[in-house]
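A quick write-up on the structure given underneath.
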Protein chains: 2
Amino acid sequence: MTSIPLRLARTVTSDYAGAMEKTGQPTINDVARVAGVSKKTVSRVINRSPLLNEDTRRRVEEVIGDLGYIPNPQARALALGRNFLIGLVHDNPNAQTVMNVQQGMLEALYDTEFEMIVRPLNRGSPTMLEDLRHFLERQRLFGVLLMPPISENDAIAELCVEIGCRYVRMGSTELDTDEHMVASNDREAVRDATRYLIELGHRRIGLVSGPHGFRSARERRLGFEDALRDAGIALPRSMIADGDYRFESGLVAADRLLDLVPRPTAIFSCNDEMAAGVIHAACQRGLTVPRDLSVIGFDDTPIAAHMWPPLTTVRWPIATMARSAALKLIAGVSSQETEAAVAEPSLFRSTLIRRASVSAPAAE
Amino acid sequence: MTSIPLRLARTVTSDYAGAMEKTGQPTINDVARVAGVSKKTVSRVINRSPLLNEDTRRRVEEVIGDLGYIPNPQARALALGRNFLIGLVHDNPNAQTVMNVQQGMLEALYDTEFEMIVRPLNRGSPTMLEDLRHFLERQRLFGVLLMPPISENDAIAELCVEIGCRYVRMGSTELDTDEHMVASNDREAVRDATRYLIELGHRRIGLVSGPHGFRSARERRLGFEDALRDAGIALPRSMIADGDYRFESGLVAADRLLDLVPRPTAIFSCNDEMAAGVIHAACQRGLTVPRDLSVIGFDDTPIAAHMWPPLTTVRWPIATMARSAALKLIAGVSSQETEAAVAEPSLFRSTLIRRASVSAPAAE
DNA sequence: TGTGTATTGGAAACCGGTGTCAGTGACAAG
DNA sequence: CTTGTCACTGACACCGGTTTCCAATACACA
């Protein structure tokens with residue numbers, strides 16, 4: 001019995017082929033005609049309406065598959081008043097980090113009706129907030145994922161609320177309600193990393209900090225201070241050198257720290273790129289890492305494993321966090337996704353990855 | 001005289017404010033009503049129609065500014081049958097490269113009505129072509145930028161033509177007509193880089209190749225062979241080690257090359273990531289770069305400048321190429337952009353960046 | 001037979017723009 | 001004074017879906 005309507009449908013398909021060839025793509029009307037239902041019913045199938053006979057649904061889905069029908073996202077967007085685009089808004093200077101986030105997002109969006117649209121923002125530009133407002137209002141995005149450090153800006157979250165755009169903020173600490181954030185535990189992770197140095201016997205440990213105004217930089221610095229305080233080690237201001245998360249600043253900061261007498265035996269750098277700068281500076285002076293200087297970074301970017309010596313660093317599950325954030329964003333669109341989101345955690349643990357850039361300090 | 005209609009317009013604006021508050025955003029109808037014209041005329045203003053009275057245009061623009069009207073891209077997309085999204089399609093494993101392309105694209109798209117939508121493709125997946133077709137048909141993109149190595153696939157270009165989606169291919173050699181490609185001169189650039197090694201006195205030069213099937217890998221290898229042939233240096237098969245553009249393959253390849261007796265005094269690696277692997281392997285054996293081994297990479301990713309020693313490499317103007325490609329894509333949309341595109345070149349020169357990873361070979 | 005419930009259809013309006021084509025007024029030519 | 005041309009503008013259908021409202025059908029149950 002089931003095969004007859006099926007074949008009928010196929011036959012009718014070819015009868016109506018002419019109607020489709022105008023645009024080359026079948027419309028909802030074609031599907032309705034072929035399936036012998038109203039377009040309203042097809043719409044119900046597409047939108048997974050619950051009050052729909054199971055047989056009808058199957059039949060319509062069959063036709064949709066046969067015709068290769070794809071609902072026009074533009075038309076849906078217009079009718080529904082929102083589109084199916086998820087924005088990634090960032091002003092992060094680290095390419096690898098951004099790519100990891102993109103990868104995580106796309107993983108979550110894969111096989112959904114959503115697509116990712118990327119919007120870098122120029123931090124420091126006075127019109128940044130207006131630019132973003134313009135972008136959000138114009139595109140009427142379904143939701144946005146806010147990457148650090150821009151995610152730390154509360155004004156942006158308020159803007160999203162005002163405009164009625166869903167948002168999730170990624171951060172190094174709890175920035176918002178569970179629904180609106182995913183966070184890692186930078187402070188604890190850095191504390192543990194610093195403790196590791198202390199346990200190895202290091203006492204003179206330098207810090208290359210991140211830029212002022214970055215929440216992550218603050219958290220990481222606090223974690224560093226926590227560990228020293230817990231161990232009863234004094235932290236003179238001279239042992240802290242300011243960085244801005246970029247390689248060059250790591251170079252400069254390390255030069256300053258390595259000029260100290262006595263020299264630090266270890267340096268914690270608030271990210272890998274600056275840690276590369278630290279190692280670079282050490283090599284330039286003829287120091288050997290880790291014999292003369294132990295170095296720890298943060299992020300576990302590919303460069304960390306690929307440099308020589310391989311860098312001990314803190315791994316931040318960034319792609320996983322981004323994936324989770326994206327799932328939160330699209331939660332509730334279909335029952336499946338809702339269930340997935342219910343299980344989505346908001347807090348993620350960073351862990352220390354031990355490589356060759358750290359050893360016990362040389363005996364003095 | 002001019003100030004009167006202006007004030008009138010403003011007054012009317014507030015009269016009609018109520019009509020707008022339904023959605024929070026003014027529509028074309030609001031603008032038309034306030035300006036006292038038809039919505040069609042407003043549409044003409046938006047689309048810069050030439051047959052339009054200058055006074056009318058100014059008046060409508062005034063109202064648009066006053067109301068803060070933003071045309072709904074979804075509605076335009078539906079009416080026009082195409083949207084204002086430019087896709088970036090890639091299957092490139094190198095994060096930095098992808099980010100550079102994104103940056104270049106976004107630069108070109110900045111202040112236009114276009115947005116960037118990113119679509120990674122899974123190379124090797126048998127459904128790749130179908131996935132892409134589905135994506136393009138569904139989203140009705142204005143155009144796509146194809147990154148290498150996927151850009152080398154002619155079937156994809158044909159698919160774009162079939163679907164009626166504009167495309168531009170980025171490549172390491174001329175892949176298509178000027179309108180549809182931007183290319184760099186990898187072969188020449190590698191030839192020059194290899195010559196540089198030869199001029200310094202190197203005679204035993206190893207090659208870490210790129211993956212089979214990549215056009216860029218082939219071009220780079222050819223450039224390498226050109227230089228040796230020109231110099232009358234024999235190239236035994238053992239001096240070529242296969243890589244796949246990833247760090248680990250560079251490590252393995254270098255291990256093989258460094259086992260040779262006599263050892264090569266220099267290695268050209270077809271990208272920076274593998275070059276990092278080469279240096280890594282050399283360091284592991286206690287060799288010093290460049291004293292015991294000179295290394296040259298390709299790409300000039302940030303890692304190149306940041307590693308120790310800083311890597312001599314070939315810089316490929318990737319962001320510039322991507323920018324140019326994006327401008328080609330949106331050429332003809334408005335007169336400005338057309339003019340810009342006319343000047344867009346299709347061929348770009350890669351250049352050798354000399355850093356510390358190369359020196360003359362040690363006297364034997 | 002009547003009533004309630006679940007499922008589907010039909011018609012029309014709507015989302016916010018764009019294309020077509022006919023209409024308007026001004027002005028020059030006949 | 002008419003006619004034709006030109007520059008400009010508006011009415012209306014249309015893009016491909018969704019929604020609303022209501023009616024219709026089928027079926028189960030009392």
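Summarising the geometry, the separation between CZ on Arg76(B) and C1' on dT18(C) is reported as 9 Å, rounded to the nearest angstrom. Rounding to whole angstrom units, CZ of residue Phe84(A) and C1' of dG17(D) are separated by 11 Å. Here the C1' atom of nucleotide dG17(C) and the CG atom of Asn83(A) are 15 Å apart, to the nearest Å. Here dG17(D) presents its C1' atom at 13 Å from CZ of Arg82(A), a figure rounded to the nearest Å. The distance from atom CD of Gln74(B) to atom P of dT18(D) is 15 Å, rounded to the nearest whole Å. Rounded to whole angstrom, the span from the CZ atom of Arg48(B) across to the P atom of dG17(C) amounts to 16 Å. For the pair Arg57(A) CZ and dT7(C) P, the interatomic distance rounds to 10 Å; values are reported in whole Å. Following rounding to the nearest Å, Arg138(B) (CZ) and dG17(D) (C1') show an atom-to-atom distance of 13 Å.
A donor-acceptor contact closer than 3.5 angstrom is absent between the side chains of Asn53(A) and Arg59(A). Using modelled atom types, one finds a donor on one side chain and an acceptor on the other under 3.5 Å when comparing Ser346(B) with Lys328(B). No donor-acceptor contact under 3.5 angstrom links the side chains of Gln139(B) and Arg119(B), judged on distance only.
Paired regions of DNA chain D, where each region holds three or more successive Watson-Crick or G-U pairs whose two hydrogen-bonding distances fall under 3.5 Å, are C:1-30 with D:1-30.
At least one side-chain heavy atom of Met116(B) sits under 4.5 Å from a side-chain heavy atom of Val118(B). Annotation: side chain of Thr27(B) is not in contact with side chain of Lys39(B) (no heavy-atom distance under 4.5 Å).
A donor-acceptor contact shorter than 3.5 Å is absent between the side chain of Asn83(A) and the backbone of Gln74(A). Judged by distance alone, the side chain of Arg169(A) and the main-chain N or O of Leu146(A) form no donor-acceptor pair under 3.5 Å.
As judged by a 4.0 angstrom heavy-atom cut-off over every strand, Asn47(B) is placed among residues touching the sugar-phosphate backbone only.
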Nucleotides 7-11 of chain D: which of its N/O atoms have a protein N/O under 3.5 Å away?
unit_1	atom_1	unit_2	atom_2	d
dT9(D)	OP1	Thr56(B)	OG1	2.4
dT9(D)	OP2	Asn53(B)	N	3.1
dG10(D)	OP2	Ser38(B)	N	3.0
dG10(D)	OP2	Ser38(B)	OG	3.1
dG10(D)	OP2	Thr41(B)	OG1	2.5
dG10(D)	N7	Arg44(B)	NH1	3.4
dG10(D)	O6	Arg44(B)	NH2	2.6

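Look at Tyr69(A) and you won't find any side-chain N or O under 4.0 angstrom from OP1 or OP2 of dG16(D).
With sequence neighbours left out, Tyr69(A) forms a ring pair (Phe, Tyr, Trp, His ring centres under 6.0 Å) with no residue at all.
Using a 4.0 Å cut-off between charged nitrogen and carboxylate oxygen, Arg133(B) and Glu130(B) count as a salt-bridge pair.
In this structure, of dC15(C), dG17(D), dT18(C), it is dC15(C) that holds the atom nearest to the side chain of Leu78(A).
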